Number of protein chains: 2
Amino acid sequence: MDSEPAPGSTPYATARAHGHAARRTAALDTASELLERDGPGALTMRRIAAELGCSTTVLYTIFGGKSGIAEQLWLEGFDRLDRAVRGVREPDPLARLTGMGQAYRANALSNRAYYAVMFQRAIPGFEPSAQAYAASLRPLHALADAVEECIRAGVFAPADPMHIARVLWAASHGAVSLELVGYEGAIDAEERYECLMRAAAAWFMTGGGEG
Amino acid sequence: MDSEPAPGSTPYATARAHGHAARRTAALDTASELLERDGPGALTMRRIAAELGCSTTVLYTIFGGKSGIAEQLWLEGFDRLDRAVRGVREPDPLARLTGMGQAYRANALSNRAYYAVMFQRAIPGFEPSAQAYAASLRPLHALADAVEECIRAGVFAPADPMHIARVLWAASHGAVSLELVGYEGAIDAEERYECLMRAAAAWFMTGGGEG
DNA sequence: GCTGTACAGTAACGATGTTCTATTACAGTA
DNA sequence: TACTGTAATAGAACATCGTTACTGTACAGC
């Protein structure tokens, strides 16, 4: 889409001039588009290469293999989630926390394919590296920060913010996961989600987080 | 399920059907063993046939394809879950409900591969049929029954039992799902799980289920 | 014993991720 | 300018997957 080579220059020259970076981002853009448009099943090395106008060999030199591409998409998915969660700017701590919950669900619903890659092992052979895993914890830390402010504001009883954040994440994830799989009908999914969030929040207000 | 030719119940037809049924259960046993031993990735038509000592053609005549086998395993997974949940025989309604939650987690932990098939789309092309989906709701109804008794006993505030059951299931599923994926460390998984269950239960005791 | 049909085994087809091989395009030198 | 070396690429090949066409075979009914 960008990085049009100068007239007369060959692909080789372009790759060399811009380093692999341009080719790399172009490949990731293609993979991302393919993932969102046709789902994880359509994410094929040959298809990425075809849409990119090169052979699959290039993908192997850049990413090492399909797992390399999968990991980048995995990271992109968590980055989107992180931006969605951190984009909630409510001044009130509890409102921010519940807003983050809604942002979590909204992000999952509008990035279903990414969510499948992140949490449903949609790309068969892929397992995230420890490095990628560590990076994926950023949204959880954002949640924990909001929880900590709730505790400081006296809205939540004193407890380990990270513990509470993990519980809240698990609740959100469970509701959204079942909704995305199409389980138990999507009709009341939003109501169910908010009910679960309220339940968890109420519990931590009364100090249940300590037991 | 059916596949009985049925027109004219000649002894040969029934004998053939019996042989058919025997091969069918043998194939499912092999598939199940393969699934549990080597994971969903090892569930291959050729491999099932090899372990069974026949060609893949047989599997296609019996199950129609890999999706047919996947659906049987899917149903078996939900059947195990159902048996685990209904096996809780606590007389006290609330104790039974929390016991069911623990049974849910225990069943998932000891049937990881099945859980992956059921909730993580571990078999790429497989989508459960509407029939299978309906059958998979049995454990949810068991949960709803326990909830209803909690309401009748005055432990839970009056509300739609199915609604509460779904929320509880979502919470359980979220915690277990993250635990199975290896997310957020498995160290405090049990504590986290119980915390979430207590939070949800407490919420419905105070009548949060109506709002 | 013969015929027809339904099933099983073999081999093939298309597609996948991955790798091997040969070619090509460029940079640096004499 | 011509040569050499290196890096990247394309294309075909390999192993595997789900699936299916073809072929033989074994059994029920006459």
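Please read these numbers as outputs of a predicted model, since none were measured by experiment. Letters A, B, ... are given to chains in the order of the sequence lines, protein chains preceding strands, and every chain is numbered from 1.
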Participant: Distance check needed: D:dA12 P versus A:R46 CZ, whole Å only.
Facilitator: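 It is 12 Å, rounded to the nearest whole Å.
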Participant: Walk me through whether B:E36 and B:R80 qualify under salt bridge (Lys or Arg N to Asp or Glu O under 4.0 Å).
Facilitator: CA-CA 13 Å; B:E36 295 199 280; B:R80 290 188 186 189; 3.1 Å; yes
Participant: How many whole angstroms separate atom CD1 of B:I69 from atom C1' of D:dG18?
Facilitator: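 Those two atoms, CD1 and C1', are 11 Å apart.
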Participant: Please tell me which of B:S55 and A:G64 maps to the more 5' nucleotide of DNA chain C, matching each residue to the nucleotide holding its nearest heavy atom.
Facilitator: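 Upstream on the strand: B:S55.
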Participant: Where the side chain of B:K66 is defined as all heavy atoms beyond and including C-beta, which of C:dG17, C:dT10, D:dG18 is the nearest nucleotide?
Facilitator: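 Looking only at side-chain atoms, B:K66 lies closest to D:dG18.
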Participant: Before you tell me yes or no, could you show the steps for A:R37 and A:E51 under salt bridge (Lys or Arg N to Asp or Glu O under 4.0 Å), namely the whole-Å CA-CA distance, both residues' side-chain angles and the distance that decides it to 0.1 Å?
Facilitator: CA-CA 13 Å; A:R37 181 154 45 95; A:E51 299 235 359; 3.5 Å; yes
Participant: Do A:E149 and A:R96 meet the salt-bridge criterion of a basic N to acidic O distance under 4.0 Å?
Facilitator: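 Between A:E149 and A:R96 there is a salt bridge, with a charged N closer than 4.0 Å to a carboxylate O.
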Participant: Check every strand shown and say whether B:T61 touches a base, only sugar-phosphate, or nothing at a heavy-atom separation below 4.0 Å.
Facilitator: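 Sugar-phosphate: the residue B:T61, judged by heavy atoms under 4.0 Å, touches backbone atoms but no base.
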Participant: If you measure from the Lys or Arg side-chain nitrogens to the Asp or Glu carboxylate oxygens, is any gap between A:R47 and A:D38 under 4.0 Å?
Facilitator: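 Between A:D38 and A:R47 there is a salt bridge, with a charged N closer than 4.0 Å to a carboxylate O.
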Participant: Atom OH of B:Y60 to atom P of D:dG18: distance rounded to whole Å?
Facilitator: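 Whole-Å distance recorded here is 6 Å.
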Participant: Which of parallel (below 30°), tilted (30 to 60°) and perpendicular (above 60°) describes B:Y104 and B:F119?
Facilitator: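 Tilted: the ring planes of B:Y104 and B:F119 meet at 30° to 60°.
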Participant: Once you round it to whole Å, what is the distance between P of D:dG18 and CZ of B:R47?
Facilitator: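 Taking atom P of D:dG18 as the reference, CZ of B:R47 is at 11 Å.
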Participant: Given that both distances must come in under 3.5 Å, which nucleotide forms a Watson-Crick or G-U wobble pair with C:dA30?
Facilitator: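 D:dT1 - that is the nucleotide pairing with C:dA30, both distances being under 3.5 Å.
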Participant: Does B:T57 reach a base, just sugar-phosphate, or nothing at all? Heavy atoms under 4.0 Å.
Facilitator: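 Base contact.
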Participant: Round to a whole Å and report the spacing from CE of A:M45 to C1' of D:dA10.
Facilitator: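 Computing the A:M45:CE to D:dA10:C1' distance gives 15 Å.
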Participant: Rounded to the nearest Å, what distance is computed from the CD1 atom of residue B:I123 to the P atom of nucleotide D:dC17?
Facilitator: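 Result: 14 Å.
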Participant: Does a side-chain N or O of A:T44 approach OP1 or OP2 of C:dT16 to a distance below 4.0 Å, or not?
Facilitator: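 It does, given that an N or O in the side chain of A:T44 lies less than 4.0 Å from OP1 or OP2 of C:dT16.
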Participant: Rounded to the Å, how far apart are B:R23 CZ and C:dA8 P?
Facilitator: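 After rounding, the reported distance stands at 5 Å.
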Participant: For B:L43, answer base if it contacts any base atom (sugar-phosphate contacts may also be present), sugar-phosphate if it contacts only those atoms, and nothing otherwise; contact means non-hydrogen atoms under 4.0 Å.
Facilitator: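 Sugar-phosphate contact only.
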Participant: May I ask you to say what A:G65 touches in the nucleic acid, namely base, sugar-phosphate or nothing, with a heavy-atom cut-off under 4.0 Å?
Facilitator: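 If one applies the 4.0 Å heavy-atom cut-off, A:G65 turns out to touch the sugar-phosphate alone, with no base involved.
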Participant: Taking atom C1' of D:dT9 as reference, at what distance in whole Å does atom CG of A:L52 sit?
Facilitator: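 The answer, rounded to whole Å, is 13 Å.
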